[in-house]
Structures are given as structure tokens and as C-alpha cells.
Protein chains: 2
Amino acid sequence: MGADKKAQWSRKRLEESEYRLTKPRRAILDVLLHTDEHLSAEEIYQRVYSDYPAIGLTTVYRTLELFVQIGIVLRFDFGDGRARFELSVGPEVQGSHHHHLICTNCNKIIDYTDFIEDEIELLKKTEKGLEALHNFKINNHIIAFYGLCEDCRNENKEKNNEGMRDV
Amino acid sequence: MGADKKAQWSRKRLEESEYRLTKPRRAILDVLLHTDEHLSAEEIYQRVYSDYPAIGLTTVYRTLELFVQIGIVLRFDFGDGRARFELSVGPEVQGSHHHHLICTNCNKIIDYTDFIEDEIELLKKTEKGLEALHNFKINNHIIAFYGLCEDCRNENKEKNNEGMRDV
DNA sequence: CTTGCTGCAAAGTGTTTGCATACAT
DNA sequence: ATGTATGCAAACACTTTGCAGCAAG
């Protein structure tokens, strides 16, 4: 959904920023543009490394921080001990907003867009209400469901996953 | 809101578990019962330490993991690099379910119960739909809003917090 | 008594920082 | 030319693991 728009938007935003257009930055953006996974810094590093071995992990961290700053990347903590990153779509591109379904056994992450419309509508109302009530300026929200994915259900590990919850 | 019920429920659940009722475990549960904050392992350790200096940080970690297992504690990752814990209410006690409002500047966490009813209703429907669609067994969910709290709004740091989102 | 639980120290993991060099503008 | 960005190594912060001694049942 709008991979090109996404690319255009984020590249433009990067070019228009105060920051220098370096090879590592372009390479990292490219990796993010060509995946729909939620990659960790290490994973991004490895992918960049494969055709740009001069890259350093530190640079990946710093670049991701920068991308989050200028708003082209979103950072998630799903509770498995490492941060994960995905491209933001920006306010211009509608329809690719999604939430997450996370398997507490294998850490698989599923994006879903089903039922999103109702969720977003409710969230907007809630946001307004909370802003007024708590004098809070809300910039973002997260919704995620935790449970067992199809595969792990079948394996039917007797692990107790109740009570596990991560924001 | 049912602090006693909470205490009863979690103590009972601990006693009925296979696990031994040790002094550290009781002490840690007590700390959790007497706060409404979202404490980190380290913070819990410090509070236990003040009247039970024999406690070790390792035990706190292991005990919290255990409590999560038996379902009396919930674990959250708000994206500030440390896990936070709060007592679960258990399915028996209704009305104390809440979601979170998180300040991306000072990391303050506000529990809110406002608008919760509508949220829960929608979440239930969504859960059902997602379970059917993705063959997923959902055990839990999270909702959190990120933004600037009243105090940090006023200080009006020019830090750009857009695009910051966790989980 | 027996086995699980504990504390300490050490190891692990993901992330950040200091600094000299390299590069974009 | 000038100051930002980079990579390396070291430092950090949180969490987990190994192990010998302790204590709950």
C-alpha cells in the first residue's frame, strides 16, 4: 500500500532536513523501504552490511534515532528486549495505519489492518477526552494484542502465557 | 478500588501455587500491594531492601518472573529500557482495569480508567475478529498513549517527540 | 531430610559514549 | 575549509546464569 508514496515521502523528508545525506543513511533508509518486517537495529545492520560492509552498528543506532526524530521511523518495544523499527507513513498517506498482534511464544509480529477503522475512531475520541482531562498532549498511541499464533497454538506448549503483557 | 480484594486474590493465588511461601516472596508481594506506581525491578528491590536488607536483586527478578507466570503480576515495557511491574487484578475483580498515558519527556506514567468501557467493548469485538481471522489465541492486550504531560508541556522543551512510539 | 530458593559474582545483551578520522556541503 | 557523521573500542544499564549454602515443607 503506497510503497512508492512512502519512499517519496521519507526520502523527501530526509533531504529537506538539516542533516547530511550520507551513504549509511541512504542505505539504512533503503533497507527499511524494502521490508515489511519490524527489524531490530542489529537486523538492520546486517542487511546494510551485506552490500555496504563499512557500516558500523553504532551508526545504525544513531541513524535510527535521527529518523525517529524527523518522524520517518517509528520505534516499538514489544517486550522482547530489543527495540524494533518501521517506517512511518506520515500524515499524508492514509490507509496503511496498522496495529500489532504479537506471539508471546515465538515473538512473531503480525500487522493487522482489520477493524482498524473502528479502533481509530474510538482512539480519536479517547485521545480528545484524555487530553482535556489530564492536560496531556498526545502525539501517538499503541495498541497490541498478545497471545499465541497459529503455529505455537498447535505445538501447544504448556507454558502459561497469562498475565504476560508488555506495553 | 478493591485493594483488599486484590490482596486476598493474589495472596491466595500464591499460597495455592506449587511454590514455596518464602520471606522474599511475601516481601515483594507486599511492596506491590502497597503502591499504585509501576515499579521497575530495581525500585522494588530498594523498597524491599529497606526492611529486609538480606534481599538480592536476582531474587526480585526471579520472583517477578514467577508472579507473572502465576498471573498475579503484569509486566510492561514502556520503552524506557527497563521493565515495569504492577499487580494484576485477576478475572474476579472487575472495574480496576486501566490503560496508560505515558510522557515521552519525563517518563511519567498515568493510569486512566476514563473511557475504558467503550475501549474494552471494542477490544473484545476486535479480539474475537482477530482470533478468527488470524487463528490467534489472544491472552492480553495493551493500549497506551504517548505524549507530553502537563508539566513537560509547560517547560515546552523544543524536543521533537513526534514519531516516537513504543509497542 | 530433600528439594526448591536464595544471594553473590560473573556473564550476557542491547544500547550509548568518547574520540580521532573521513566526508558532505 | 569547516563542522557534521562515521567507525571503533570501551563503557553502560538492565537482566540472566552458575553455583554453593540455606531453609520451607
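Just so it is clear: chains get the letters A, B, ... in the order the sequence lines come, proteins before strands, and each one is counted from 1. Note: hydrogens, waters and symmetry copies are ignored here, and every other heavy atom, side chains too, is used.
Two residues, B:Arg62 and A:Arg82, neighbour DNA chain C, and the one matched to the more 5' nucleotide by heavy-atom proximity is B:Arg62. Along DNA chain D, the nucleotide closest to B:Arg26 and the one closest to B:Ala41 are compared, and the more 5′ of them pairs with B:Ala41. Residues A:Tyr52 and B:Thr22 both approach DNA chain D. Their nearest nucleotides, taken by heavy-atom distance, put A:Tyr52 toward the 5′ side.
Between A:Asp77 and A:Arg84 there is no salt bridge, since no side-chain nitrogen of the basic residue lies less than 4.0 Å from a carboxylate oxygen of the acidic one. A salt bridge links B:Arg47 to B:Glu37: at least one charged side-chain nitrogen sits closer than 4.0 Å to a carboxylate oxygen.
In this structure, CD of A:Glu43 is placed 10 Å from P of C:dG14, rounded to the nearest angstrom. Spacing between atom CD1 of A:Ile44 and atom P of C:dG14 amounts to 14 Å, rounded to whole angstrom units. Rounded to an integer number of Å, the gap from CD of A:Gln46 to C1' of C:dG14 is 13 Å. Put simply, CD on B:Glu16 is 15 Å from P on D:dG25, counting in whole angstrom units. As a whole-Å value, the separation of B:Arg25 CZ from D:dG25 C1' is 13 Å. Straight-line distance from the CG atom of B:Leu57 to the C1' atom of D:dC14: 9 Å, rounded to whole Å. The distance from atom CD1 of A:Ile28 to atom P of D:dA5 is 13 Å, rounded to the nearest whole Å. Atom CG of A:Asp77 and atom P of C:dT15 are 8 Å apart (whole Å).
Which of C:dT6, D:dT15, D:dG7 sits closest to the side chain of A:Ile55 comes down to D:dG7. Of the listed nucleotides (D:dA23, C:dT6, D:dC14), C:dT6 has the atom at the smallest distance from the side chain of B:Thr63. Which of C:dT15, D:dA5, D:dA24 sits closest to the side chain of B:Arg20 comes down to D:dA24. Picking from C:dA24, C:dT3, C:dG7 the nucleotide with the shortest atom distance to the side chain of B:Ala54 gives C:dG7.
Counting non-hydrogen atoms under 4.0 angstrom, A:Thr58 reaches a base of the nucleic acid.
Among A:Leu123, A:Asp111, A:Thr113, A:Ile110, the one residue that satisfies the side chain to side chain contact (heavy atoms under 4.5 Å, CB included) test with A:His99 is A:Leu123.
Between B:His97 and B:His141, the gap from one ring centroid to the other is short of 6.0 Å.
Here B:Tyr61 does not reach the OP1 or OP2 of D:dT16: none of its side-chain N or O atoms lies under 4.0 Å away.
A:Tyr112 and A:Glu119 share a side-chain donor-acceptor pair at under 3.5 Å.
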